[in-house]
Participant: 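The structure follows.
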Amino acid sequence: MKKVILATLIGCAVLSTSAIAQPNTDKIVIAHRGASGYLPEHTLPAKALAYGMKPDYIEQDVVMTKDDKLVVLHDHYLDRVTNVAALFPDRARKDGRYYAIDFTLAEIKQLSVTEGFNIKDGKQVQGFSERFPIWKSHFTVPTFQEEIEMIQGLNKTLGYDIGLYPEIKAPWFHRHEGKDISKAVLTVLKQYGYIDKNSNVYLQTFDFNELKRINDQLMPAMGMDLNLVQLMAETDWNETMVYDKSGKAHPYDYDWMFKPEGMKTLSQYADGIGPWKPMIVKDSSKLGHIELTDMVKNAHANGMVVHPYTFRADKDRIPTYVKDYNGMLEVFYNQAGVDGVFTDFPDKAVSFLQQQTQHH
């Protein structure tokens, strides 16, 4: 009898580890910038709150400082979420932005972080007006290592196994500035024990050339083989730029990714894709009449998981083809068949999936 139980346990362990890179396994929830619907994005409190909501993964956007340290920040500039303009008024570049890469870690640690804002008529206006009030309490920019240590520490004290979902931000920009951010991110991941496809991590980037380089050159050289995710953008967002011989930047053309052959090419380098929601459910969809693209079907046919972004419960972010946030999750998880979602409200998505399991 003991042998049978042992064999069953080993079998389950084998099943659970080999399931990570396979599509159509359990649906997952990725805490987008932490519990960013409730606390300022990418701050350690937002990550701790997200952790308590028990998602499967917590996302880190990683950028590099002047002194080659890795910090967790959504943009490779500081001015949308910090008081950098007040503290270092003369440090903006010609475009008026304050780039993280122009500041040392010690300088960045002096900054206060708040809910994202835009400048309108010389005033700071919060991006999501219903969210955590701007400039209340005190938050700072964490390093990549600080966040990993917090998540691993909570895994130890609470006994969960919540994974990392880092994004290498604008590697094309960092490399143009003489910094190999991808190698730096991989080095840190390896130091903390994330080395292969059984490690609880997905590594993502919008930059296909860099994804290919990570897969073909960097990871093999470092003895690593992580799950990689290709993030998908519209070309006109200028999310990824390519420099020509004269040093002029042009937007990378994403159009090939949307053709049937595109998924096949991506699957040679990536274990999954991270598309924008309308790339899966067309915006022309109406209540009770959902129009899907072939993207999920094509990705699954090529052995890749699909994790679209970004699911927000804010009133003005619910698409017209659903009544509410849960309706949106129902369409994507059940009708479109996605494997996971990036959400600012991880508790709501976790609770939705729990209810689904109970009903079945």
Side-chain angles (χ1 to χ4, degrees), residues 9-10 12-21 25-62 69-74 105 108-109 112-113 115 131-132 136-167 184-204 224 226-227 229 307 340-355 357-358:
L9 287 172
I10 292 169
C12 289
V14 170
L15 273 175
S16 66
T17 52
S18 61
I20 290 177
T25 51
D26 294 342
K27 307 280 184 187
I28 67 163
V29 174
I30 304 137
H32 181 249
R33 311 183 200 172
S36 55
Y38 304 104
L39 281 166
E41 64 180 45
H42 284 317
T43 57
L44 286 182
K47 300 304 170 78
L49 183 61
Y51 191 100
M53 294 171 170
K54 293 177 85 166
D56 300 276
Y57 293 87
I58 297 175
E59 185 199 35
Q60 303 77 31
D61 289 314
V62 187
K69 301 289 191 282
L70 297 172
V71 291
V72 181
L73 201 62
H74 178 260
L105 178 60
I108 289 173
K109 283 290 187 185
S112 283
V113 175
E115 188 62 39
R131 291 194 182 180
F132 198 87
K136 296 294 180 189
S137 190
H138 178 66
F139 305 94
T140 56
V141 177
T143 66
F144 188 33
Q145 287 92 328
E146 282 166 350
E147 181 165 335
I148 295 174
E149 288 176 9
M150 189 181 78
I151 291 170
Q152 288 191 346
L154 287 169
N155 278 342
K156 180 173 187 270
T157 52
L158 287 165
Y160 311 156
D161 185 18
I162 291 176
L164 307 182
Y165 210 125
E167 179 189 339
V185 168
L186 287 169
T187 302
V188 169
L189 287 172
K190 189 174 179 179
Q191 280 167 356
Y192 285 93
Y194 301 91
I195 47 169
D196 57 26
K197 293 201 190 299
N198 293 329
S199 301
N200 207 359
V201 65
Y202 279 100
L203 180 60
Q204 55 175 345
M224 297 173 77
L226 303 176
N227 288 308
V229 169
H307 299 156
V341 302
F342 282 91
T343 177
D344 294 6
F345 300 84
D347 56 327
K348 295 183 192 298
V350 167
S351 144
F352 173 83
L353 288 179
Q354 279 168 350
Q355 283 161 3
T357 323
Q358 283 155 11

Participant: At their closest point, which heavy atom of Gln204 faces which heavy atom of Phe342, and how far apart are they?
Facilitator: OE1-CZ, 3.5 Å
Participant: Considering only residues two or more places apart or on different chains, which pairs with a residue in residues 136-146 satisfy salt bridge (charged side-chain N to carboxylate O under 4.0 Å, His left out)?
Facilitator: Lys109-Glu146
Participant: I want to check something: taking the side chain as every heavy atom from C-beta on, are Val341 and Ile30 in contact at a cut-off of under 4.5 Å?
Facilitator: no
Participant: Is there a side-chain contact between Ile148 and Val188 in this structure, where contact means two heavy atoms from C-beta onward sitting under 4.5 Å apart?
Facilitator: yes
Participant: Side chains of Val71 and Leu105, heavy atoms from C-beta outward: is any pair under 4.5 Å?
Facilitator: yes
Participant: Within this structure, what is the OG-NE2 distance for the pair Ser36 and His42, rounded to the nearest 0.5 Å?
Facilitator: 7.5 Å
Participant: When rounded to the nearest 0.5 angstrom, what is the spacing between CG in Leu164 and CG in Leu203?
Facilitator: 10.0 Å
Participant: Specify whether Phe139 and Phe132 have parallel, tilted or perpendicular ring planes, treating 30° as the upper limit for parallel and 60° as the lower limit for perpendicular.
Facilitator: perpendicular
Participant: Considering non-hydrogen atoms only, spot the tightest contact between Lys197 and Leu226 and give its length.
Facilitator: NZ-O, 3.1 Å
Participant: Look only at the side chain of Asp56 and the backbone of Gly163, and say whether a donor-acceptor pair between them is shorter than 3.5 Å.
Facilitator: no
Participant: Would you mind listing every salt bridge (charged side-chain N to carboxylate O under 4.0 Å, His left out) that reaches into residues 30-43, with sequence neighbours excluded?
Facilitator: Arg33-Glu41, Glu41-Arg80
Participant: At what distance, to the nearest 0.5 angstrom, does NZ of Lys47 lie from CD of Gln60?
Facilitator: 5.0 Å
Participant: Answer yes or no: is there a donor N or O on one side and an acceptor on the other, between the side chain of Tyr51 and the main chain of Asn155, under 3.5 Å?
Facilitator: yes
Participant: Would you say the rings of His307 and Tyr57 are close, in the sense that their centroids are separated by under 6.0 Å?
Facilitator: no
Participant: Does Glu115 have any salt bridge (Lys or Arg N to Asp or Glu O under 4.0 Å) partners at least two apart in sequence or in another chain, and if so, which?
Facilitator: none
Participant: Taking all non-hydrogen atoms of both residues, which atom of Gly34 and which atom of Ala50 are closest, and how far apart?
Facilitator: C-CB, 3.7 Å
Participant: Do Asp344 and Arg131 sit within salt-bridge range, that is, some charged N less than 4.0 Å from a carboxylate O?
Facilitator: yes
Participant: From Asp161 CG over to Ile151 CD1, what is the distance, rounded to the nearest 0.5 angstrom?
Facilitator: 11.5 Å
Participant: To the nearest 0.5 Å, how far apart are OH in Tyr38 and CG in Leu49?
Facilitator: 8.0 Å
Participant: Are any of the side-chain heavy atoms of Leu186 and Met224 separated by less than 4.5 Å?
Facilitator: yes
Participant: Going through the checks in order, is the side-chain hydrogen bond (donor to acceptor under 3.5 Å, both in side chains) test met by Tyr192 and Glu149?
Facilitator: CA-CA 8 Å; Tyr192 285 93; Glu149 288 176 9; 2.4 Å; yes
Participant: Looking only at atom types and distance, does a side-chain atom of Asp61 sit under 3.5 Å from a main-chain N or O of Glu167, one as donor and one as acceptor?
Facilitator: no
Participant: So how far is it from Leu189 CG to Ile195 CD1, rounded to the nearest 0.5 Å?
Facilitator: 11.5 Å
Participant: Strictly distance-based, threshold 3.5 Å: is any side-chain N or O of Thr357 a donor or acceptor partner for the main-chain N or O of Leu353?
Facilitator: yes
Participant: Say whether, by atom type as modelled, one donor and one acceptor occur between the side chain of Ser199 and the main chain of Val201 under 3.5 angstrom.
Facilitator: no
Participant: Identify the heavy atoms of Tyr165 and Glu59 that sit nearest to each other, and give their distance.
Facilitator: O-CG, 3.3 Å
Participant: Check Pro55 against Val29 and note the closest heavy-atom contact, atom names and distance.
Facilitator: CB-O, 3.6 Å
